[in-house]
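The chains referred to below are lettered A, B, ... by the order of the sequence lines, with proteins before strands, and numbering in each begins at 1.
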Protein chains: 2
Amino acid sequence: MKQGSFSRQQVTAITGLTARQLSYWRKTGLVVPQHCTEGGHARYSFTDLIALRAAKQLLDANVSLQRIRRCLESLTRFLPTVQQPLVELSLVVTGDVVLVFHGERAFDALTGQQWVFPVAELAKEVEQLQQELPEQTELFPVDAEQLEEYA
Amino acid sequence: MKQGSFSRQQVTAITGLTARQLSYWRKTGLVVPQHCTEGGHARYSFTDLIALRAAKQLLDANVSLQRIRRCLESLTRFLPTVQQPLVELSLVVTGDVVLVFHGERAFDALTGQQWVFPVAELAKEVEQLQQELPEQTELFPVDAEQLEEYA
DNA sequence: AACGTACAATTTCCGGTTTTTTTGTCTCCT
DNA sequence: AGGAGACAAAAAAACCGGAAATTGTACGTT
């Protein structure tokens with residue numbers, strides 16, 4: 001893994017984040033620089049950069065920081081093998097929700113257990129349901145109904 | 001297009017919806033039976049069945065009726081060529097959001113214009129951003145920093 | 001240059017309440 | 001059987017004030 005060692009100034013230039021954000025995120029544990037100088041100055045690795053960039057993209061997509069935090073929490077809970085979700089996973093964002101694509105499955109990064117399923121292409125299913133109904137022997141239901149109308 | 005003509009009883013048996021739901025949805029315009037008898041009794045077509053089934057799946061996935069309504073509104077607005085979203089489109093649902101896959105694009109069924117984009121696989125992008133920075137000529141930034149620490 | 005701290009402005013979240021929507025049930029009518 | 005209407009329970013949405021989180025800005029230090 002290419003490490004790299006980027007100073008704060010470089011990181012702000014590369015990622016578009018402000019220095020304030022970097023230090024706050026560092027303090028609150030969202031993205032902590034992999035190394036530090038003896039003086040306590042941050043040294044971001046290359047993968048740190050990727051995580052930072054991912055977080056910024058999420059922010060730009062109107063996902064709040066707090067939501068990002070919660071997503072990361074649940075992701076590390078649901079996918080324990082994933083060390084750095086922001087780096088390793090393929091995320092998709094829409095207004096409110098962060099989707100995670102992991103293998104075949106896709107699920108909500110927040111709630112985790114949510115399935116995802118296609119709604120259309122139900123014709124076959126409906127046909128099946130039809131055929132599973134033995135009592136549905138009425139071939140001309142309209143006629144029966146029309147008779148009733150005249151009652 | 002296979003029409004079919006299903007009575008209320010048949011529809012409840014096939015779709016799993018209650019009669020109450022059918023009449024309410026009919027009154028409020030969510031899914032209106034394609035035909036009616038002269039007496040005003042509903043006659044659902046085959047595509048109606050599919051729409052009903054799709055709506056039920058969304059309900060079962062904890063998408064509220066109101067949200068379904070709003071999705072349908074915005075979908076017919078954003079995709080005017082689509083007559084029956086519940087029948088023609090491929091939808092994907094997670095907790096809060098309904099995604100629509102239409103061709104290559106995927107977007108939020110509610111807000112419509114929201115793009116969807118992958119967050120990960122940013123390594124190349126970050127590398128690009130790096131290379132676009134001429135001032136980043138510092139090959140050994142750590143050294144420069146360490147010097148400072150001793151000041 | 002980079003960090004820490006402090007203060008303020010803004011945004012987001014949270015808990016409770018109120019309002020609207022949806023559904024069930026019952027009754028009567030055709 | 002199927003529809004219409006009335007009433008009530010349940011679910012969802014809208015609203016709202018206070019708390020918390022995030023960010024900007026300024027100042028001081030190394």
Side-chain angles (χ1 to χ4, degrees), chain A residues 5-13 16-33 35-44 55-56 58-71 95-96 110 135-136 138 141-151, chain B residues 5-13 16-33 35-44 55-56 58-71 95-96 110 135-136 138 141-151:
Chain A
S5 186
F6 300 89
S7 70
R8 188 171 77 164
Q9 206 178 26
Q10 292 173 321
V11 172
T12 59
L17 294 164
T18 68
R20 185 68 170 88
Q21 286 174 309
L22 289 181
S23 59
Y24 185 63
W25 295 8
R26 176 186 178 185
K27 193 175 74 175
T28 55
L30 184 66
V31 178
V32 179
H35 307 290
C36 281
T37 65
E38 290 136 19
H41 285 199
R43 281 299 108 94
Y44 290 92
K56 174 154 173 55
L58 292 172
L59 276 183
D60 291 345
N62 292 321
V63 181
S64 75
L65 248 211
Q66 299 180 51
R67 197 182 290 272
I68 296 177
R69 286 186 205 280
R70 271 179 285 153
C71 285
D96 267 358
L110 258 184
E135 68 259 46
Q136 190 228 340
E138 193 63 80
V142 177
D143 297 4
E145 180 62 36
Q146 282 170 343
L147 286 175
E148 178 201 335
E149 299 304 323
Y150 297 126
Chain B
S5 185
F6 300 89
S7 70
R8 188 171 74 163
Q9 207 177 27
Q10 292 173 320
V11 172
T12 58
L17 295 163
T18 68
R20 185 69 171 88
Q21 287 174 308
L22 290 181
S23 60
Y24 184 63
W25 295 8
R26 178 187 176 184
K27 193 175 74 174
T28 54
L30 184 66
V31 177
V32 178
H35 307 291
C36 282
T37 66
E38 290 137 20
H41 285 199
R43 281 297 107 92
Y44 290 91
K56 173 155 172 56
L58 291 172
L59 276 184
D60 291 345
N62 293 321
V63 181
S64 75
L65 250 209
Q66 298 182 52
R67 199 179 289 271
I68 296 177
R69 286 187 205 281
R70 271 179 284 154
C71 286
D96 268 358
L110 258 184
E135 67 260 46
Q136 191 229 336
E138 193 61 82
V142 177
D143 297 4
E145 179 64 33
Q146 282 170 342
L147 285 177
E148 178 200 337
E149 299 304 322
Y150 296 125

Participant: Under 4.0 Å between any heavy atoms, over every strand shown, what does Ile68(B) touch: base, sugar-phosphate, or nothing? Just pick one.
Facilitator: nothing
Participant: For Ile68(B) and Leu58(B), work out which heavy atoms get closest and say how close.
Facilitator: CD1-CB, 3.6 Å
Participant: Using a cut-off of less than 4.0 Å, is there contact between a side-chain N or O of Arg20(B) and OP1 or OP2 of dG3(D)?
Facilitator: no
Participant: Hey, which sits more toward the 5' end of DNA chain C by its nearest nucleotide, Ala19(B) or Gln66(B)?
Facilitator: Gln66(B)
Participant: Mind checking the CZ-OG spacing from Arg70(A) to Ser64(A)? Nearest 0.5 Å is all I need.
Facilitator: 6.0 Å
Participant: Can you check whether Arg69(B) has a side-chain N or O nearer than 4.0 Å to OP1 or OP2 of dT22(C)?
Facilitator: yes
Participant: I need the CG-P distance between Leu59(A) and dT23(D), as an integer number of Å.
Facilitator: 6 Å
Participant: Check the phosphate of dA11(D) against Ser64(B), side-chain N and O only, distance under 4.0 Å to OP1 or OP2. Yes or no?
Facilitator: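 No, because none of the side-chain N or O atoms of Ser64(B) sits under 4.0 Å from OP1 or OP2 of dA11(D).
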Participant: Look at the side chain of Ala42(B) and decide which nucleotide, out of dA2(C), dT23(C), dG3(D), has an atom nearest to it.
Facilitator: dG3(D)
Participant: Is the phosphate of dT22(D) approached by Thr28(A) (side-chain N or O, under 4.0 Å from OP1 or OP2)?
Facilitator: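 For dT22(D), neither OP1 nor OP2 has a side-chain N or O of Thr28(A) closer than 4.0 Å.
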Participant: Output the rounded distance in Å from CZ (Arg70(A)) to P (dT12(C)).
Facilitator: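 Value for this atom pair: 12 Å.
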Participant: Do you know which two heavy atoms are closest between Leu65(B) and Leu59(B), and how far apart they sit?
Facilitator: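 That closest heavy-atom pairing would be N-CD2, 4.0 Å.
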Participant: Please check the phosphate of dT22(C) (OP1 and OP2 only) for any side-chain N or O of Trp25(B) closer than 4.0 Å.
Facilitator: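 No, Trp25(B) has no side-chain N/O under 4.0 Å of OP1/OP2 on dT22(C).
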Participant: Can you check whether Arg26(A) has a side-chain N or O nearer than 4.0 Å to OP1 or OP2 of dC3(C)?
Facilitator: yes
Participant: When the nearest nucleotide of DNA chain D is assigned to Leu65(B) and to Ser23(B) on a heavy-atom basis, which residue is associated with the more 5' position?
Facilitator: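 Residue closer to the 5' terminus by nearest nucleotide: Ser23(B).
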Participant: If you fit an axis to the five pairs at each end of the helix from dA1(C)-dT30(D) to dT30(C)-dA1(D), how big is the angle between those two axes, to 10 degrees?
Facilitator: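 That helix gives 50° between its end axes.
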Participant: Would you say Ser7(B) reaches dG2(D)'s phosphate, i.e. side-chain N/O to OP1/OP2 under 4.0 Å?
Facilitator: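 Indeed, a polar side-chain atom of Ser7(B) lies that close.
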Participant: Figure out the CZ/C1' separation between Arg8(B) and dT30(C), and round it to whole Å.
Facilitator: 13 Å
Participant: Send over the distance from His41(B) NE2 to dC29(C) P, rounded to a whole Å.
Facilitator: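 Taking atom P of dC29(C) as the reference, NE2 of His41(B) is at 16 Å.
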Participant: Starting from the C-alpha separation in whole Å, work towards a yes-or-no answer on side-chain contact (heavy atoms from CB on, under 4.5 Å) for His41(B) and Cys36(B).
Facilitator: CA-CA 5 Å; His41(B) 285 199; Cys36(B) 282; over 6 Å; no
Participant: Is Thr37(A) close enough to dA2(C) that one of its side-chain N or O atoms is under 4.0 Å from OP1 or OP2 there?
Facilitator: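 So the side chain of Thr37(A) is outside the cut-off, no N or O lying under 4.0 Å from OP1 or OP2 of dA2(C).
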Participant: Using a cut-off of strictly less than 4.0 Å, decide whether Tyr24(A) has a side-chain nitrogen or oxygen near OP1 or OP2 of dT22(D).
Facilitator: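 So the side-chain polar atoms of Tyr24(A) do come within 4.0 Å of the phosphate oxygens OP1 or OP2 of dT22(D), strictly under.
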Participant: Quick one: is Gln21(B) getting a side-chain N or O under 4.0 Å of the dT23(C) phosphate, OP1 or OP2?
Facilitator: yes
Participant: In whole Å, what is the span from the CG atom of Asn62(A) to the P atom of dT11(C)?
Facilitator: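 In whole Å, dT11(C) P lies 12 Å from Asn62(A) CG.
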Participant: Output the single nucleotide from dT23(D), dA13(D), dC13(C) whose closest atom is nearest the side chain of Arg67(A).
Facilitator: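 Output: dC13(C).
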Participant: Mind listing the closest non-hydrogen atom pair of Arg26(A) and Val32(A) along with its distance?
Facilitator: O-CG2, 3.8 Å
Participant: Could you tell me how far apart Leu22(A) (CG) and dT22(D) (C1') are, to the nearest whole angstrom?
Facilitator: 14 Å
Participant: Specify the separation, in whole Å, of atom CZ of Phe6(B) and atom P of dA1(D).
Facilitator: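 Checked: the CZ to P distance equals 19 Å.
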